[in-house]
Asks: 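Have a look at this one before I ask anything.
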Amino acid sequence: MGLEQARLVGAVEALSSTTKRTKRIFELARSLSVASKVELPVQPRLRTARQLRPEDIDELVRMFKDGASIPDLAAKYRVYRTTIGQHLRARGIDTQHFAFKPEDVRTAGRLYDAGWTLDQLADRYQVGNETVRARLVESGVRMRARGRQRS
């Protein structure tokens, strides 16, 4: 502790009503040395929103149409996936990925009526059998009783 700081601590102590706690605080203040600095937490660097230029948006639309995924585009342009989705939707591009498309549901309904099982349909469309069942029920297909069919 420097001379000026020691004088300041002494002046505060002289003007204060001294209790046990305040005496302890003054003792701690005197024991501090200039060499022992308190480490302050490092402030995180603030990020500002990255604005994409119109030519960048044109390029990301082209890349998306060529098969690039939204996470890949987000990494390339260093923006959030939702930002990429907003730019694509603003250009009229549907970004929802339906693994089981409405036209597939109609075909699956015909196959189910022809005797296919939910598991077979799930394998064909690469979705879960409960997804197949839910979409078929939504489209009005009458479900068979559970279990093996008798021959």
Side-chain angles (χ1 to χ4, degrees), residues 1-9 12 21-22 24-151:
M1 180 180 294
L3 184 59
E4 184 64 32
Q5 291 168 335
R7 284 184 187 158
L8 183 62
V9 170
V12 171
R21 285 185 181 165
T22 54
R24 179 69 181 134
I25 291 171
F26 291 128
E27 288 171 14
L28 287 172
R30 280 192 210 93
S31 67
L32 288 177
S33 68
V34 176
S36 65
K37 291 183 179 178
V38 176
E39 290 290 325
L40 296 175
V42 177
Q43 292 292 330
R45 202 177 97 215
L46 297 176
R47 289 180 52 188
T48 58
R50 186 175 189 291
Q51 300 296 316
L52 295 179
R53 298 180 312 234
E55 55 269 16
D56 291 336
I57 298 170
D58 293 339
E59 182 183 354
L60 81 85
V61 167
R62 183 189 52 73
M63 292 173 70
F64 181 77
K65 287 181 177 177
D66 289 344
S69 70
I70 290 178
D72 291 342
L73 292 170
K76 177 180 177 12
Y77 290 101
R78 297 188 331 253
V79 295
Y80 290 106
R81 292 174 306 168
T82 54
T83 303
I84 297 294
Q86 288 169 347
H87 287 299
L88 292 172
R89 282 189 297 283
R91 296 285 179 100
I93 298 171
D94 184 15
T95 59
Q96 273 193 321
H97 174 70
F98 290 103
F100 199 38
K101 299 178 177 80
E103 58 269 15
D104 293 337
V105 174
R106 288 188 290 277
T107 305
R110 288 193 295 274
L111 292 172
Y112 183 78
D113 288 338
W116 283 48
T117 66
L118 293 176
D119 286 336
Q120 289 170 324
L121 292 169
D123 287 342
R124 176 180 177 153
Y125 293 106
Q126 298 297 303
V127 294
N129 60 358
E130 287 299 320
T131 301
V132 172
R133 183 179 190 289
R135 299 301 168 269
L136 291 178
V137 168
E138 286 172 4
S139 69
V141 173
R142 186 172 170 271
M143 303 307 292
R144 297 187 293 259
R146 293 190 183 253
R148 275 190 192 265
Q149 299 298 314
R150 294 186 182 164
S151 302

Asks: With a 4.5 Å limit on heavy-atom distance, are the side chains of Ile70 and Tyr80 in contact?
Replies: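 No, too far: nothing below the 4.5 Å cut-off.
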Asks: Roughly how far, to the nearest 0.5 Å, is OG1 of Thr83 from CD of Gln51?
Replies: 9.0 Å
Asks: Less than 4.5 Å apart, side chain to side chain, heavy atoms only: is that true for Tyr125 and Gln120?
Replies: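 Answer no - side chains too far apart.
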Asks: With a 4.0 Å cut-off on N to O distance, would you call Arg135 and Glu138 a salt bridge?
Replies: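 Looking at Glu138 together with Arg135, the answer is yes, because their closest N to O distance falls below 4.0 Å.
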Asks: Before accepting this row, confirm whether a basic side-chain N of the pair Asp58/Arg91 lies closer than 4.0 Å to the acidic partner's carboxylate O.
Replies: yes
Asks: With a 4.5 Å heavy-atom cut-off, do Asp104 and Val127 have their side chains touching?
Replies: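 Of all side-chain heavy-atom pairs linking Val127 with Asp104, none is under 4.5 Å.
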Asks: Answer yes or no: is there a side-chain heavy-atom contact under 4.5 Å between Asp56 and His87?
Replies: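 Not touching, per the 4.5 Å side-chain cut-off.
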Asks: Distance from Asp72 atom CG to Phe64 atom CZ, nearest 0.5 Å?
Replies: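 Taking CG in Asp72 and CZ in Phe64, the distance rounds to 11.0 Å.
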Asks: Can you find a pair of side-chain heavy atoms, one from Asn129 and one from Thr117, that are under 4.5 Å apart?
Replies: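 Sidechains of Thr117 and Asn129: no contact.
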Asks: Applying ring-ring contact (aromatic ring centres under 6.0 Å, His included), name anything that partners Tyr112, two or more places apart in sequence or on another chain.
Replies: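 Not a single residue meets the ring-ring contact (aromatic ring centres under 6.0 Å, His included) criterion with Tyr112.
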Asks: Charged N to carboxylate O below 4.0 Å: is that the case for Glu55 and Arg53?
Replies: yes
Asks: Within this structure, what is the CD1-CD1 distance for the pair Ile93 and Ile84, rounded to the nearest 0.5 Å?
Replies: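 Those atoms lie 11.0 Å apart.
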Asks: Any heavy-atom pair between the side chains of Leu118 and Leu136 that's under 4.5 Å?
Replies: yes
Asks: Restricting to non-hydrogen atoms, name the atom on Ala122 and the atom on Gly128 that form the minimum distance, rounded to 0.1 Å.
Replies: CB-C, 3.8 Å
Asks: Could you check whether Arg62 pairs with Asp66 (Lys NZ or Arg NE/NH1/NH2 to Asp/Glu carboxylate O, under 4.0 Å)?
Replies: yes
Asks: To the nearest 0.5 Å, what is the distance between CG (Leu88) and CD1 (Ile57)?
Replies: 9.5 Å
Asks: May I ask you to test the Glu59-Tyr77 pair for a side-chain heavy-atom distance under 4.5 Å?
Replies: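 Yes, side chains in contact.
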Asks: Would you say that Val141 contacts Asp113 through its side chain, given a criterion of any heavy-atom pair below 4.5 Å between the two side chains?
Replies: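 Touching, per the 4.5 Å side-chain cut-off.
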Asks: About how many Å separate NZ of Lys76 and OG of Ser69, when rounded to the nearest 0.5 Å?
Replies: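 Separation between the atoms: 13.0 Å.
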